[in-house]
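Every chain is numbered from 1, with letters handed out A, B, ... down the list of sequences. Since the model is a prediction, treat every value here as computed from it, not as a measurement. Computed from heavy atoms alone, side chains included, the values below leave out hydrogens, waters and symmetry copies.
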Amino acid sequence: MDFISDLNPEQKQAVLHADGPLLVLAGAGSGKTRVIACRAARLIADGLAEPDELLAVTFTNKAAEEMRERVKSLAATGARRPWICTFHALCARILRREGGVRVGRDFVIYDSADQSAAMKRILHDLDVDDKLLSARQALAEISEAKNHMRSPGNLRGESWSARGDLLAKAYERYRRALEAANALDFDDLLLETMRLFEDREPVRRRYGERFRFIMVDEYQDTNPPQFRLVRLLTREHRNLCVVGDPDQSIYQWRGADLSNILDFQKHFAGATVIRLERNYRSTQVILDAAGAVIERNRRRLRKRMRTDRTGGALVRCFRAGDDLEEADWVTARLREALDAGETPAGVLYRTNAQSRVLEEALGRAGIAYRMVGGVRFYERKEIKDTLAYLRLLINLDDDVSLRRVINEPKRGIGKGVMAALEKLAPEPDAAGPLFAAAPGDAGAADSLWGRLNRAVNQELVPPRAVGALRGFRDLVQALRGLTADRPVADVVGEVLGRTGYLEKLREAMTEEAQNRIDNLMELVAAARDYEIREAEPSLTGFVDGQSLLSEADEAQGSEDAGVWLMTLHAAKGLEFPVVFMVGLEERLFPHARAVGGERYERIANDDLGEGDPAGGERAGGGHNEAMEEERRLCYVGMTRARTRLVLTSAARRRVYGEYRDTKPSRFLDEVPADLIDVVEPVFSTPVRSPATYGRGAYRGQRRGPADDDRIQPDYGYAYEDEDQSVVSISPGDHVRHPTFGVGTVISVEPLTDDMKLTVSFRDIGRKTLRQRFAKLTLA
DNA sequence: GACCACTAGAATGAT
DNA sequence: TCTAGTGGTC
């Protein structure tokens, strides 16, 4: 086993540990993925376990994929492959085999869009005012309750209020709706598996005995149901190896419980603890900078990361005038990085909404990028529609899917017909809900499909509606007949053909329609890949995979693009030679939710006075858990960098299209000043040059008396020459720029309070400038 | 029933 | 700024 000789002593110890519980505290860049993969490989190679007696659980599909590849390259696994998957995929797999307590084997998985559709209906039926309780809020609270294993009757102490009352009602209805549709949401996958193991001991024991060795990656992010599942599965062998880093816990908002890792030795008596503190990724400067930030957190285990890469480039900081300028500046620096061969470069932001300006700036500069996450592919209507058809074929009682496709493409089943269907009373002698009903084509009596059948058979709706509904029913039944035993790709093809979906798009003859067709062909290709890859392919398996794919697994752009854009959360587990963290501003990062606690919604643009940067944390007399999580997120971002780290912010930023002034993030203050290199703006003259960054120099300039709504240049830059902005410039003018030299104006585009100029410079080519910043003179 | 124009609300993070 | 949802018109 060659792979062991390359490991350092601690890594080796972790890899060679076999029996009993093991906690590996693995700091950023300490090679933890490698340790897990090597450990799996060694257990197989030494005959301590058959491959399929190993279970390795990760948090993202991406991580699972990587792990699978690594293990495969280290050990021959043959047909009995180890189980390497996410918690959710593990649960889906077990539930498909065993069936659940509340659902049958043919359940569907509801993703967030499905959840939202279901909840909107419920709140509508309950006649709830959106302002009192939105579907979004209701789902968030329900998820929170599930993550803490609370039932509808036991929502957090608000049950006395009107809203709490409503919430409990909505929760109960939501639960019933999913049960009737034989559906599980993401949280349910975990809970249902937990219930299965707790109610059916023989099933639990079978899995407990089977998985001789269990490994859990990113253990600091496990939530209570996940913890319970781990306990249930390790009762027999107790060979549990968990790997994680408390400083990188960034999912507490999703119910992750830090005490799972902090109290591991209490939960699993006799556990061995190994610390990996040697960092193989970053320079000492980067580690020191990140270490200084994370040190401010109270709830953590002390550790000090070491690297052989002493010294290193200082952390560069830049404060731009606004978000556009920030994006342009980052783009220019990215160009330099690409030219220097520092690829790929990672650009990390706190919120997805920040990606747009960056994408546009990169687009203008002609730099190819890959965007991890975001919403695009996942949200595409044609993909969702097709998957809804497939899900309906698997489970006719899936009301959400049925609703989605019943009139897509248009077949004359509109609002009127649907309302009539819903009005049909449930059948009096209906067998209980859900899968107690015969699984045949009749469907549960209470589901829309059941009602549809009755409406057609007994002609309970107007003749024209009966005809349309019958057409749809026959179509679905015909498709069901075809699905049996056909390759998945064929089924997808049949759906697209027989429903007329593809034809409708072809008729449209627009570019957009062609795009959609291309996307659908991609889906067919994905089905074909799935068929080849999987040992026992099935339509259900394919659809599950698609449902469990997150946005984070979808990426726009090619893998060898020089620039990768993503949120800080999505960056966990990755590394880049250069990392740009953008938008380091109070209330963006750290996010307002952590800064202002409950107040944040009411605070607008005018709340920008001097303030204690740690005020949010000290408020309330204790430490601020949310702020500590933001800080860990900052730590995660910084430690993604191998050699260079760049931190930027903007003095003004558009939120919903409106400009807001900002304060620099407290995290900038927390990086020791001697590790920072402040970069001056090129496009304008700073009012003063700050000796120490963030110690007030750039901070908190109040707007003047609010008697003038025009946005003032009061965020650190000023024009000596007010006349500049009055000079009128038009296309064709010859201009001179202090840095870029002479050029010709190509176009002029008015903005709210400025002009956007495109200028073709003689020496450096085309540039987009804003007149306020660019010190242009007529040449 | 389908299509279009208008408005209100939105965006922390992800399986 | 962008989108989902609503209401009006054909």
**OP:** For A/Arg93, check salt bridge (charged side-chain N to carboxylate O under 4.0 Å, His left out) against everything at least two apart and list the hits.
**Re:**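 Partners of A/Arg93 under the salt bridge (charged side-chain N to carboxylate O under 4.0 Å, His left out) test: none.
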
Checking all strands, does [X] fall into the base, sugar-phosphate, or nothing category for heavy-atom contacts under 4.0 angstrom?
| X | answer |
| --- | --- |
| A/Arg136 | sugar-phosphate |
| A/Asn407 | sugar-phosphate |
| A/Val655 | nothing |
| A/Phe589 | nothing |
| A/Phe59 | sugar-phosphate |

Could I get the full list of side chain to side chain donor-acceptor pair (under 3.5 Å) partners for [X], not counting sequence neighbours?
| X | result |
| --- | --- |
| A/Tyr110 | A/Asp398 |
| A/Glu98 | A/Arg206, A/Tyr207 |
| A/Asp247 | A/Arg300, A/Lys303 |

Nucleotide nearest [X] (side chain, heavy atoms from C-beta), chosen from [options]:
| X | options | answer |
| --- | --- | --- |
| A/Tyr656 | B/dA10, B/dG1, B/dA14 | B/dA10 |
| A/Arg254 | B/dA2, B/dA14, B/dG1 | B/dA14 |
| A/Arg356 | C/dC2, B/dA11, B/dG9 | C/dC2 |
| A/Ala353 | B/dC3, B/dG13, B/dA11 | B/dA11 |

Hey, can you pull the donor-acceptor pairs under 3.5 Å for the side chains in residues 464-473 of chain A, sequence neighbours left out?
from     : atom 1 : to       : atom 2 : distance (Å)
A/Arg473 : NH1    : A/Asn453 : OD1    : 3.2
A/Arg473 : NH1    : A/Asn457 : OD1    : 3.0

Original post:
Is there aromatic stacking of A/Phe186 against B/dA14, centre distance under 5.5 Å, plane angle under 30°?
Top reply: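 It does not: the two rings, one from A/Phe186 and one from B/dA14, miss the stacking criterion.
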
Establish, with yes or no, whether the OP1 or OP2 oxygen of [N] is under 4.0 angstrom from a side-chain nitrogen or oxygen of [X].
| X | N | value |
| --- | --- | --- |
| A/Asn352 | B/dA14 | yes |
| A/Thr567 | B/dA14 | yes |
| A/Arg464 | B/dG1 | no |
| A/Lys131 | B/dA8 | no |

**OP:** Report yes or no: is the cationic atom of A/Arg96 (NZ for Lys, CZ for Arg) closer than 6.0 Å to the six-membered ring centre of A/Phe107, at no more than 45° off its axis?
**Re:**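 Verdict for A/Phe107: a cation-pi partner in A/Arg96.
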
Below 3.5 Å is the cut-off: list the nitrogen or oxygen pairs between protein and nucleotides 5-8 of chain C, distance only.
from  : atom 1 : to       : atom 2 : distance (Å)
C/dG5 : OP1    : A/Lys120 : NZ     : 2.8

Original post:
Looking at CD of A/Gln252 and CZ of A/Arg632, how far apart are the two atoms once the value is rounded to the nearest 0.5 Å?
Top reply: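 Going from CD on A/Gln252 over to CZ on A/Arg632, the span is 4.5 Å.
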
